[in-house]
Amino acid sequence: MHIAIVGNIGAGKTTLANKLAHHFNWEVFLEDVDHNPYLKDFYDDMPRWAFHLQVYFLNSRFRQTQHIKKLQSASKGVIQDRTIYEDAHIFAANLHESGLMSERDHQNYLALFESMISMVDAPDLLLYLRADLPKLIQQIEKRNRDYENNIKIEYLKNLNEHYERWISNYKYGKLLIVDVNNLDYVNNPEDLGVIIDKINSTLFGLF
Ligand SMILES: Nc1ncnc2c1ncn2[C@@H]1O[C@H](COP(=O)(O)OP(=O)(O)O)[C@@H](O)[C@H]1O
Ligand SMILES: Nc1ncnc2c1ncn2[C@H]1C[C@H](O)[C@@H](COP(=O)(O)O)O1
């Protein structure tokens, strides 16, 4: 079983991924953030580093999908924090549309993505954490990564619009949308229970 958690920056993916992995006793795959060699530079100068960062994330995410595939064939459960789809359909698309990644770099990136995606299996369940801007901003501030302090509201808003468009067209497997605006699964175990019940119901038809 493979559940992938998707959503905008600060939506609560990593927190939920760890909690679900603990609950189901499955392996968790997190994003390559702390050792990412481009992320800080990217936030300082997006046009300069957009392509480099996208290629780095694409490769790191692709390796993760191949690792997940091996675990799946050994019947192990997996929780994944963010997917390769979001790199291309949300982040790279947004950078290109916002004029922060050139047409040439975007086409080059997409060709690479297309070569890779044929080798990627869709998750059994895509769990989208929907969060409005105030919730995202509050949680990004709470996490307090220094390089994210200057993220523009417009950037988050554009990403949210891409998420909504992409999710409305998602058709590769089961999809569960959870509005997290009024959920606090950090401090309130009942809120975590609500999400776990929804997952069990969507995946296994329980409840
Ligand atoms: N539903 C929630 N309610 C309250 N705080 C949350 C919730 N989800 C995440 N947080 C907090 O918000 C911050 C960002 O969450 P994180 O899981 O890192 O988001 P993401 O991985 O989506 O960027 C963390 O400090 C986390 O503890
Ligand atoms: N593909 C990506 N392009 C640009 N930025 C990205 C991409 N994937 C992740 N990120 C950024 C967004 C955050 O600053 C960090 C970690 O993501 P988070 O949603 O906080 O887990 O990486």
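Both backbone and side-chain heavy atoms feed into the values below; hydrogens, waters and symmetry mates do not. Whatever order the structure lists ligands and atoms in, that order sets their numbers, starting from 1. Here the structure is a predicted model, which means the values were calculated and not measured.
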Nearest to atom 2 (C) of ligand 1, what protein heavy atom do you find, and at what distance? Gln139 OE1, 3.3 Å
When distances are taken from atom 1 (N) of ligand 2, the protein heavy atom at minimum range is Asp87 OD1, 2.7 Å
Per-atom contacts of ligand 1 with [X], taking only distances under 4.0 Å to non-hydrogen atoms:
| X | value |
| --- | --- |
| Thr15 | 9 (C), 15 (O), 16 (P), 17 (O), 26 (C), 27 (O) |
| Gly12 | 8 (N), 9 (C), 15 (O), 16 (P), 17 (O), 19 (O), 20 (P), 22 (O) |
| Gly10 | 19 (O), 20 (P), 22 (O), 23 (O) |
| Lys135 | 1 (N), 2 (C), 3 (N) |
| Lys13 | 17 (O), 19 (O), 20 (P), 21 (O), 22 (O), 23 (O) |
| Leu183 | 1 (N), 2 (C), 3 (N) |

Check: Asn187/Asp184 side-chain N/O donor and acceptor closer than 3.5 Å: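 Indeed, the side chains of Asn187 and Asp184 share at least one donor-acceptor pair under 3.5 Å.
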For a quick check under 3.5 Å, do Tyr163 and Glu86 share a side-chain donor-acceptor pair by atom type?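 Checked: Tyr163/Glu86 side chains pair up, N/O donor to acceptor below 3.5 Å.
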Look only at the side chain of [X] and the backbone of [Y], and say whether a donor-acceptor pair between them is shorter than 3.5 Å.
| X | Y | result |
| --- | --- | --- |
| Asn36 | Leu39 | yes |
| Asn169 | Arg165 | yes |
| Gln139 | Gly10 | yes |
| Glu31 | Val33 | no |
| Lys13 | Asn8 | yes |

Under 3.5 Å, N or O to N or O, is Arg82 touching ligand 2 that way?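 Between Arg82 and ligand 2, an N or O pair is found under 3.5 Å apart.
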Judging by distance only, is a nitrogen or oxygen of Glu148 under 3.5 angstrom from one on ligand 2? yes
Going by the atom numbers of ligand 2, which of them fall below 4.0 Å from some non-hydrogen atom of [X]?
| X | answer |
| --- | --- |
| Val33 | 16 (C) |
| Glu31 | 8 (N), 9 (C), 16 (C), 17 (O), 18 (P), 19 (O), 21 (O) |
| Lys13 | 18 (P), 19 (O), 21 (O) |

Is it the side chain (CB and beyond), the backbone, both or neither of Asp184 that lies under 4.0 Å from ligand 1, heavy atoms counted? both
Test of understanding: given a 4.0 Å heavy-atom threshold, classify the contact between Arg145 and ligand 1 as side chain, backbone, both, or neither.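 Within the 4.0 Å criterion, Arg145 makes no contact with ligand 1.
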Side chain, backbone, both or neither: which part of [X] has a heavy atom under 4.0 Å from ligand 2?
| X | value |
| --- | --- |
| Leu53 | side chain |
| Leu39 | side chain |
| Gln54 | side chain |
| Met46 | neither |

Counting only heavy atoms, tell me which of Val186, Asn182, Asn187, Asn188 gets closest to atom 27 (O) of ligand 1. Val186
Can you tell me if Gly7 has a non-hydrogen atom under 4.0 Å from ligand 1? no
Could you grab the distance from atom OG1 of Thr202 to atom CG of Leu126, nearest 0.5 Å is fine? 11.5 Å
Taking NZ, NE, NH1 and NH2 as the nitrogens, is one of them in Lys76 or Glu27 under 4.0 Å from a carboxylate oxygen of the other?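 So Lys76 does not pair with Glu27 through a salt bridge.
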Between Phe113 and His89, is the gap from one ring center to the other below 6.0 Å?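 Between His89 and Phe113, which both carry aromatic rings, the centre distance is below 6.0 Å.
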Answer yes or no: are there more than 12 heavy-atom neighbours, outside Tyr172 itself, under 6.0 Å from its atom OH? no
